[in-house]
Amino acid sequence: MKKNVLVIHTGGTISMMEDKDTGSVTPGKENPLSVQTSMVSSLADVQVIEAFHLPSPHITTEHMHRIKRLIEEEYDNRPFDGVVITHGTDTLEETAYFLDLTITLPVSIVVTGAMRSSNEIGADGLYNLISSVRVAAESQSKNKGVLVVLNDEIHSAKNVTKTHTSNVSTFQSPQYGPIGIVTKRGILYHHQPTSSESYKVCDVTKRVTLIKAYAGMDSSLLYAIKELKYDGIVIEALGQGNLPPEAVPGVSGLLDHNIPVVLVSRCFNGIAQDVYGYTGGGKQLKEKGVIFSNGLNGQKARIKLMVALSQTTNFQELENIFKK
Ligand code: ASP
């Protein structure tokens, strides 16, 4: 029997066309994927919703929350086996991770996109959509968290990141690799995510910003963030989780104002830890109350801090959430 798969289009290059005269890639009046949906109807009983038609740099956490609610409402109306969300690749990992943290439905959830617009030579959109519907319709895809499927690879939302500006193999999971592959004959999983976490989120109104540390960084931006009354900040710190000494007073100022500071590493492999005891070293930062995240990249730690702040503002509870 065919599985029921809900497809939600949100925009991105996968839904765009290239103007052959100017080379400019933009969303058109009609989503080319809608016309191509008949190609996937042999794979599953597909229902399509055009949620938005946005380039993904226009996607906000409010849009992510709307996608989550849409999935839940549709499931209440007409339960399905899996859902595929098409999305621009620039912020795809953020939406995928937000859904990973907030949806608990017993269905497979796949996010996909494309690096080439629909009328470019070698367009990968329809191919990725077909692969994603196949993955969503596969019963083994359930209980693995949100999956990101492009270029014949299945990645977990938690680990995947966009690594290349234009290459079709841009989505990679540094350090961990994909959890499965899409072959011509079937869907093969070779790894199993070992943990999952989910939070009931009614809104995502907390303002959390993200900055990157660099050699010689001082506290000026950190002071400005305190004045701007952000609810939280993620810093992509140096190496194992260290900051230049001149940045430390800014971090202390934020913590003194009860603004949580979450540290990730600007290295894309490894986990930030409190190892170094010198001024600005991870040990000192941790003693001050800085929260070390568990291997997330900066953009995903920001999503997680927004979600965490919707649950609690208690520093100890926030720290526990980031240990998961
Ligand atoms: N800039 C595009 C977007 O994210 C890139 C893409 O979809 O591949 O919307």
Side-chain angles (χ1 to χ4, degrees), residues 93-94 97 100-101 156 158-161 163 173-176 193-197 199 206-324:
E93 66 194 85
E94 282 147 276
Y97 188 52
D100 192 50
L101 289 176
S156 70
K158 187 172 181 180
N159 295 326
V160 76
T161 192
T163 64
S173 299
Q175 195 157 240
Y176 303 107
T194 51
S195 63
S196 71
E197 51 188 316
Y199 304 92
K206 298 293 182 181
R207 290 169 68 234
V208 175
T209 191
L210 167 64
I211 64 168
K212 187 172 199 151
Y214 49 87
M217 178 187 187
D218 65 16
S219 287
S220 49
L221 258 183
L222 300 167
Y223 290 142
I225 287 163
K226 184 183 70 187
E227 293 311 315
L228 289 167
K229 300 191 170 30
Y230 272 88
D231 298 301
I233 173 175
V234 175
I235 305 177
E236 287 187 15
L238 310 173
Q240 292 249 13
N242 310 306
L243 290 174
E246 294 77 14
V248 176
V251 169
S252 301
L254 289 161
L255 295 169
D256 291 346
H257 276 73
N258 285 324
I259 301 173
V261 178
V262 171
L263 219 69
V264 301
S265 175
R266 70 177 197 178
C267 302
F268 62 87
N269 278 302
I271 292 174
Q273 287 170 324
D274 56 325
V275 174
Y276 289 96
Y278 52 75
T279 306
K283 271 205 177 305
Q284 190 198 48
L285 297 174
K286 189 155 191 191
E287 274 158 24
K288 283 182 182 298
V290 168
I291 297 168
F292 281 65
S293 90
N294 219 350
L296 293 171
N297 67 20
Q299 54 272 32
K300 278 190 248 188
R302 175 180 170 269
I303 294 291
K304 185 162 184 177
L305 184 53
M306 291 179 89
V307 168
L309 283 168
S310 74
Q311 315 289 299
T312 180
T313 51
N314 176 287
F315 271 38
Q316 188 55 57
E317 287 171 14
L318 289 172
E319 186 166 31
N320 290 342
I321 289 176
F322 272 92
K323 278 186 187 142
K324 290 181 193 162

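What you see below is based on every heavy atom in this structure, not just the backbone, and it leaves out hydrogens, waters and symmetry mates. The model shown is predicted, which means the values in this text are computed figures rather than measured ones. Position 1 is the first residue of the sequence, and the numbers go up from there.
Put simply, CD on Glu317 and OG1 on Thr313 are 8.0 Å apart, with the number rounded to the nearest 0.5 Å. We find the NZ-CD distance between Lys206 and Gln311 to be 11.0 Å, quoted to the nearest 0.5 Å. Annotation: the span from Lys212 atom NZ to Glu236 atom CD amounts to 5.0 Å, rounded to 0.5 Å. To the nearest 0.5 angstrom, Asn269 atom CG is 11.5 Å from Asn297 atom CG. Separating the CG atom in Leu296 from the CD atom in Glu93 is a distance of 10.5 Å, to the nearest 0.5 Å. To the nearest 0.5 Å, the span separating CG on Leu305 from CD1 on Ile321 amounts to 9.5 Å.
With hydrogens and angles ignored, the 3.5 Å screen pairs no side-chain donor or acceptor of Asp231 with any backbone N or O of Val208. Of the possible donor and acceptor atoms, one in the side chain of Ser265 sits under 3.5 Å from a partner among the backbone N and O of Gly239. Between the side chain of Lys300 and the main chain of Gly295, no donor-acceptor pair closer than 3.5 Å is present. Not a single donor-acceptor pair under 3.5 Å links the side chain of Asp218 to the backbone N or O of Glu246.
Looking at Glu319 and Gln316, their side chains come closer than 4.5 Å, going by heavy atoms from C-beta outward. Counting heavy atoms from C-beta outward, Tyr278 and Pro245 have side chains that stay 4.5 Å or more apart. Under the 4.5 Å side-chain criterion, counting only non-hydrogen atoms from C-beta, Pro244 is in contact with Leu238. Two residues are said to be in side-chain contact when any heavy atoms from C-beta on lie closer than 4.5 Å; Ile235 and Val261 meet this criterion. Side-chain contact between Leu222 and Ile211: present, with at least one pair of heavy atoms (C-beta onward) separated by less than 4.5 Å. Residues Leu263 and Lys286 fail the side-chain proximity criterion, which asks for heavy atoms closer than 4.5 Å. Using a 4.5 Å heavy-atom threshold, the side chains of Tyr97 and Lys158 count as touching. By the 4.5 Å heavy-atom criterion applied to side chains, Leu255 and Phe315 are counted as neighbours.
For the residue pair Ser252/Lys288, the side-chain donor-acceptor check at 3.5 Å is satisfied. Donor-acceptor pairing under 3.5 Å is lacking for the side chains of Asn314 and Thr312.
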Check: Stepwise, does the side-chain contact (heavy atoms from CB on, under 4.5 Å) test hold for Thr279 with Gln284?
Finding: CA-CA 7 Å; Thr279 306; Gln284 190 198 48; 4.2 Å; yes
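Figure legend: Lys304 and Phe322 shown as a cation-pi pair, the cationic atom lying under 6.0 angstrom from the six-membered ring centre and within 45 degrees of its axis.
The minimum heavy-atom distance between Leu285 and Gly241, with the atom names listed, is CD1-O, 3.8 Å. Summarising the geometry of Val262 relative to Ser293, their closest heavy-atom pair is CG1-CB, 4.0 Å, with the distance given to 0.1 Å.
When each of Ile233, Leu309, Val234 is paired with Pro260, the side-chain contact (heavy atoms from CB on, under 4.5 Å) condition holds for Leu309 and for no other.
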